[in-house]
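Shown next, in structure tokens, is the structure this report addresses.
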Amino acid sequence: MNVGLEHYLIVSAALFALGLLGVIVRRNLLVIYMSLELMLNSANLALVSFSRFNDNLDGQVMVFFIITVAAAEVAVGLALIVALYRKRQTAHVEDLTTMKL
Amino acid sequence: MALPDILFYVFAALTLLCGVLVVANPFSRNPVTSAMFLVLTIISMAGLFVLLHAFFLAAVQVLVYAGAVMVLFLFVIMLLDLKEEERRKIKKLGLIAGLVSIGAIFGIFAKSVLQTKPVANVPVPTVEGATIPLGKLLFANYLLPFEIVSLLLLVAMVGVILLSKKDLR
């Protein structure tokens with residue numbers, strides 16, 4: 001069976017589900033952040049495969065923008081985590097429940 | 001099976017395996033291990049991009065993600081000097097809820113993909129993600145978003161410098 005669009009989309013969906021599982025299950029802020037990167041990457045894979053099989057380069061330009069925005073987002077997020085760690089000495093979500101009623 | 005198809009299965013399996021090891025590594029809960037497996041995931045995904053003829057994006061993926069972003073991650077992990085998560089139990093309830101929800105989401109995705117009728121006689125894709133057509137598109141049709149993204153990077157840079165100042169007020 002020839003590898004077509006649906007194969008790539010299934011891989012992308014599985015990767016997205018993995019990232020979501022990481023966000024839900026893991027309790028370390030940095031690992032949660034890495035799982036978010038995994039989800040962004042699965043979106044990239046879906047966009048590139050759509051672009052390939054629709055004969056249209058626009059999807060790849062979109063991926064280019066996603067990568068740029070993800071880099072900016074990682075920088076800001078990690079700075080926030082470092083600032084939080086300096087204040088609270090923890091990077092564990094169960095220790096960060098001040099807003100819980 | 002042709003060679004690209006075999007390569008697709010190899011890279012897809014590698015991507016998913018390393019993805020599992022990022023999220024749920026049975027041997028180590030150390031964030032450094034997760035980061036290293038995330039690098040492997042991203043590199044095998046660059047292999048998938050090459051199979052999709054997106055050569056420029058494959059290079060960018062390796063350079064920006066596996067290079068810059070992951071170095072940033074590792075730098076922060078080592079800066080914070082996180083102890084191994086002293087074997088905190090993953091909550092049973094959270095695990096079950098997570099597995100059920102991702103199972104549902106993956107089921108929806110897979111079902112909708114598989115139920116879509118493939119278009120009859122798809123033309124052989126000809127689009128090539130080489131640098132020149134991508135650059136032409138980026139600087140002609142997408143000039144405004146490009147400039148906005150550059151502004152976004154500037155804003156992010158200023159924000160990060162402000163956040164990292166010693167006396168955060």
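Naming convention: chains lettered A, B, ... in sequence-line order (proteins, then strands); numbering from 1 in each chain. The structure displayed is predicted, hence computed values, not measured ones.
- The greatest number of non-hydrogen atom pairs below 4.5 Å with chain A, out of B:L16, B:L79, B:T41, is found for B:L16.
- In terms of non-hydrogen atom pairs under 4.5 Å with chain B, the most contact-rich of A:L5, A:V48, A:V74, A:V11 is A:V48.
- In terms of heavy-atom pairs under 4.5 angstrom with chain A, the leader among B:I105, B:V149, B:V155 is B:V149.
- With a threshold of 4.5 angstrom between heavy atoms, B:L38 approaches chain A through side-chain atoms but not through N, CA, C or O.
- Neither the backbone nor the side chain of A:I32 comes within contact range of chain B; no heavy atoms are under 4.5 Å apart.
- Heavy atoms closer than 4.5 Å to chain B are found in the side chain of A:S35, but not in its backbone.
- Of the atoms belonging to B:F75, not a single heavy atom falls under 4.5 Å from chain A.
- Contact annotation: the side chain of A:T90 never approaches that of A:L29 to less than 4.5 Å [non-hydrogen atoms, C-beta and beyond].
- Side-chain atoms of A:R52 never come within 3.5 Å of backbone atoms of B:H53 as a donor-acceptor pair (strictly under, hydrogens ignored).
- Highest contact tally toward chain B, considering only A:V61, A:T68, A:L80, A:V82, is held by A:V61 [criterion: heavy-atom pairs under 4.5 Å].
- Using cut-offs of 30° and 60° for the angle between ring planes, the B:Y9 and A:H7 rings count as perpendicular.
- Only the backbone of A:N56 comes within contact range of chain B, with at least one heavy atom under 4.5 Å from a heavy atom of that chain.
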Problem set entry | Stepwise side chain to side chain donor-acceptor pair (under 3.5 Å) test for A:N41 and B:Q61 | CA-CA 9 Å; A:N41 266 306; B:Q61 179 94 349; 2.9 Å; yes
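- Contact annotation for A:L84: neither backbone nor side-chain heavy atoms come within less than 4.5 Å of a heavy atom of chain B.
- Between chain B and the residues A:L15, A:V76, A:L21, A:I10, the most heavy-atom pairs under 4.5 angstrom are made by A:L21.
- By the 4.5 Å heavy-atom criterion applied to side chains, A:S42 and A:L18 are not counted as neighbours.
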For this session: Please test A:M39 against A:L20 for side chain to side chain contact (heavy atoms under 4.5 Å, CB included), starting from the C-alpha separation and ending with a verdict.
Result: CA-CA 7 Å; A:M39 288 160 82; A:L20 191 60; 3.9 Å; yes
For this session: Would you check, one step at a time, whether the test side chain to side chain contact (heavy atoms under 4.5 Å, CB included) holds for A:V93 with A:R26?
Result: CA-CA 9 Å; A:V93 287; A:R26 293 300 295 262; over 6 Å; no
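- At distances below 3.5 Å, at least one donor-acceptor pair connects side-chain atoms of B:S101 with backbone N or O atoms of B:A97.
- Residue A:Y85 touches chain B through its side chain alone, counting heavy-atom pairs closer than 4.5 Å.
- Contact check for A:N44 versus A:L40: no side-chain heavy atoms found under the 4.5 Å cut-off.
- Of the two parts of B:A35, the backbone and the side chain both hold a non-hydrogen atom closer than 4.5 Å to a non-hydrogen atom of chain A.
- Of the atoms belonging to B:S150, not a single heavy atom falls under 4.5 Å from chain A.
- No donor-acceptor pair closer than 3.5 Å links the side chain of A:S12 to the backbone N or O of A:L45.
- Top candidate by heavy-atom pairs under 4.5 Å with chain B, chosen from A:L38, A:V63, A:I24, A:D58, is A:D58.
- Interface residue B:P145: backbone and side-chain heavy atoms are both found under 4.5 Å from chain A.
- B:F8 touches chain A through its side chain: at least one heavy atom from C-beta onward sits under 4.5 Å away, while N, CA, C and O do not.
- Heavy atoms of B:A110 lying under 4.5 Å from chain A belong to its backbone as well as its side chain.
- A donor-acceptor contact shorter than 3.5 Å is absent between the side chain of B:T33 and the backbone of B:R29.
- With respect to chain A, the highest number of heavy-atom pairs below 4.5 Å among B:V60, B:V64, B:L137, B:I161 belongs to B:L137.
- A:F16 touches chain B through its side chain: at least one heavy atom from C-beta onward sits under 4.5 Å away, while N, CA, C and O do not.
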For this session: Just do the ring pair (Phe, Tyr, Trp, His ring centres under 6.0 Å) check on B:F55 and B:F49 with the steps written out, would you?
Result: CA-CA 7 Å; B:F55 306 115; B:F49 282 6; over 10 Å; no
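- Top candidate by heavy-atom pairs under 4.5 Å with chain B, chosen from A:I81, A:V69, A:L9, A:I67, is A:I67.
- Residue B:L51 touches chain A through both its backbone and its side chain, counting heavy-atom pairs closer than 4.5 Å.
- Counting heavy atoms from C-beta outward, A:E37 and B:Y65 have side chains that approach closer than 4.5 Å.
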